[in-house]
*Asks:* 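Starting off with a structure, shown below.
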Amino acid sequence: GRRRELRGEGRGLERAAAMDTSFMAPRFHTMIAYANMGQYATADSVLRSIGRRRPRLTANEALLVDMETAYLRGNYSEALRMLRRLEALAPEDWVVKYLAAHMSLWLNRPGEAAAALSFLDEPSEIRGVYSGSWAYGAWATALHLLGEHEKELAIVRRARQAYPDV
């Protein structure tokens, strides 16, 4: 297939990583962007460059490296184990919750996925921090697999109202 290149914000991430080699966030985001485009070898290369800085990584960053390494190698059980450790360090991080739900779905654990995404039922100020429609899709999938179709329909309706253009 045709190799896709990072554009716009992705190029900005690469420039930010080059400007300050100790700032890991743009490197992680670049790696994730490549993985999302299906360019796993490039994502792995970026991840390895982050891993070489392991002594300087925070505990969260080291766990993220381990989780992404397991994910890129198809070891979803190990990736989920690392995400559980990340959750213990950052229990309010909705991205970690989403990733744990996503990994749980891949492992055919819809109950764990639904539980991980239940934060979307929290009061609106908590949901206000959350931005994105994709967690609602994962939550609806988990509920469907659990046979909770009425709740699934309610979640889909809520997502359509919150994100009418998606």
Side-chain angles (χ1 to χ4, degrees), residues 6-10 12-13 16 23-40 43 46-47 50 57-166:
L6 290 179
R7 296 185 190 158
E9 292 175 5
L13 289 170
F23 186 42
M24 291 295 113
R27 292 180 189 285
F28 278 110
H29 288 288
T30 300
M31 182 274 306
I32 291 165
Y34 280 119
N36 287 344
M37 291 188 303
Q39 295 180 24
Y40 300 111
V46 174
L47 187 59
I50 297 168
L57 298 178
T58 67
N60 289 33
E61 290 169 339
L63 282 170
L64 192 55
V65 166
D66 294 343
M67 186 280 294
E68 292 290 354
T69 299
Y71 164 74
L72 287 175
R73 285 164 183 57
N75 188 345
Y76 304 134
S77 293
E78 180 65 10
L80 183 58
R81 194 171 77 73
M82 293 298 109
L83 284 164
R84 296 288 183 234
R85 290 180 61 195
L86 272 169
E87 278 183 302
L89 293 174
E92 302 301 316
D93 189 324
W94 58 265
V95 174
V96 172
K97 292 175 186 294
Y98 166 75
L99 292 171
H102 201 67
M103 218 58 67
S104 295
L105 283 174
W106 285 356
L107 292 166
N108 196 25
R109 299 178 186 172
E112 290 180 34
L117 294 170
S118 65
F119 76 94
L120 292 169
D121 260 344
E122 298 291 331
S124 61
E125 18 340 311
I126 294 170
R127 276 196 327 264
V129 173
Y130 167 79
S131 62
S133 61
W134 26 269
Y136 284 98
W139 196 12
T141 299
L143 293 169
H144 180 82
L145 292 171
L146 292 169
E148 296 181 27
H149 303 298
E150 292 299 319
K151 187 163 185 179
E152 172 192 7
L153 183 59
I155 295 304
V156 168
R157 286 182 174 145
R158 193 162 87 194
R160 297 258 340 213
Q161 184 177 7
Y163 302 97
D165 297 330
V166 176

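Sequential numbering from 1 along the given sequence is applied to the chain's residues. Worth knowing before you read on, the calculation uses all heavy atoms, side chains too, and leaves out hydrogens, waters and symmetry mates.
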*Asks:* Which heavy-atom pair separates A113 from L105 by the least distance, and what is that distance?
*Replies:* CB-CG, 3.7 Å
*Asks:* Going by side chain to side chain donor-acceptor pair (under 3.5 Å), name the pairs with one or both residues in residues 96-105, residues two or more places apart or in two chains.
*Replies:* Y98-H102
*Asks:* If I compare all heavy atoms of A59 with all of L89, which pair ends up nearest, and what's the gap?
*Replies:* CB-CD1, 4.2 Å
*Asks:* At their closest point, which heavy atom of E61 faces which heavy atom of F28, and how far apart are they?
*Replies:* O-CZ, 3.6 Å
*Asks:* Got a sec, which residues hit side chain to side chain contact (heavy atoms under 4.5 Å, CB included) with A100, two or more places apart in sequence or on another chain?
*Replies:* L80, L83, R84, E87
*Asks:* Taking side chain to side chain contact (heavy atoms under 4.5 Å, CB included) as the criterion, tell me which of L64, T30, V65 meets it with I50.
*Replies:* V65
*Asks:* State which residues pass side chain to side chain contact (heavy atoms under 4.5 Å, CB included) with A90; sequence neighbours excluded, sorted by chain then number.
*Replies:* N60, D93
*Asks:* Can you tell me how far CZ of R85 sits from CG of L63, rounded to the nearest 0.5 angstrom?
*Replies:* 5.0 Å
*Asks:* For A43 and L72, work out which heavy atoms get closest and say how close.
*Replies:* C-CD1, 4.2 Å
*Asks:* If a pair satisfies salt bridge (Lys or Arg N to Asp or Glu O under 4.0 Å) and one of its residues is in residues 143-156, list it, with sequence neighbours excluded.
*Replies:* D121-K151
*Asks:* Which heavy atom of A135 sits nearest to which heavy atom of L117, and what is that distance?
*Replies:* O-CD1, 3.5 Å
*Asks:* Write down the atom of A79, the atom of M67, and the distance for their closest heavy-atom approach.
*Replies:* O-CG, 3.4 Å
*Asks:* Please report the interatomic distance CG(L120) to CZ(R158), rounded to the nearest 0.5 Å.
*Replies:* 6.5 Å
*Asks:* Which salt bridge (Lys or Arg N to Asp or Glu O under 4.0 Å) pairs, counting each pair once, include a residue from residues 71-83, with sequence neighbours left out?
*Replies:* D44-R73, E78-R81
*Asks:* Should the ring pair Y76 and Y71 be called parallel, tilted or perpendicular, given that the plane angle runs from 0 to 90° and is split at 30 and 60?
*Replies:* tilted
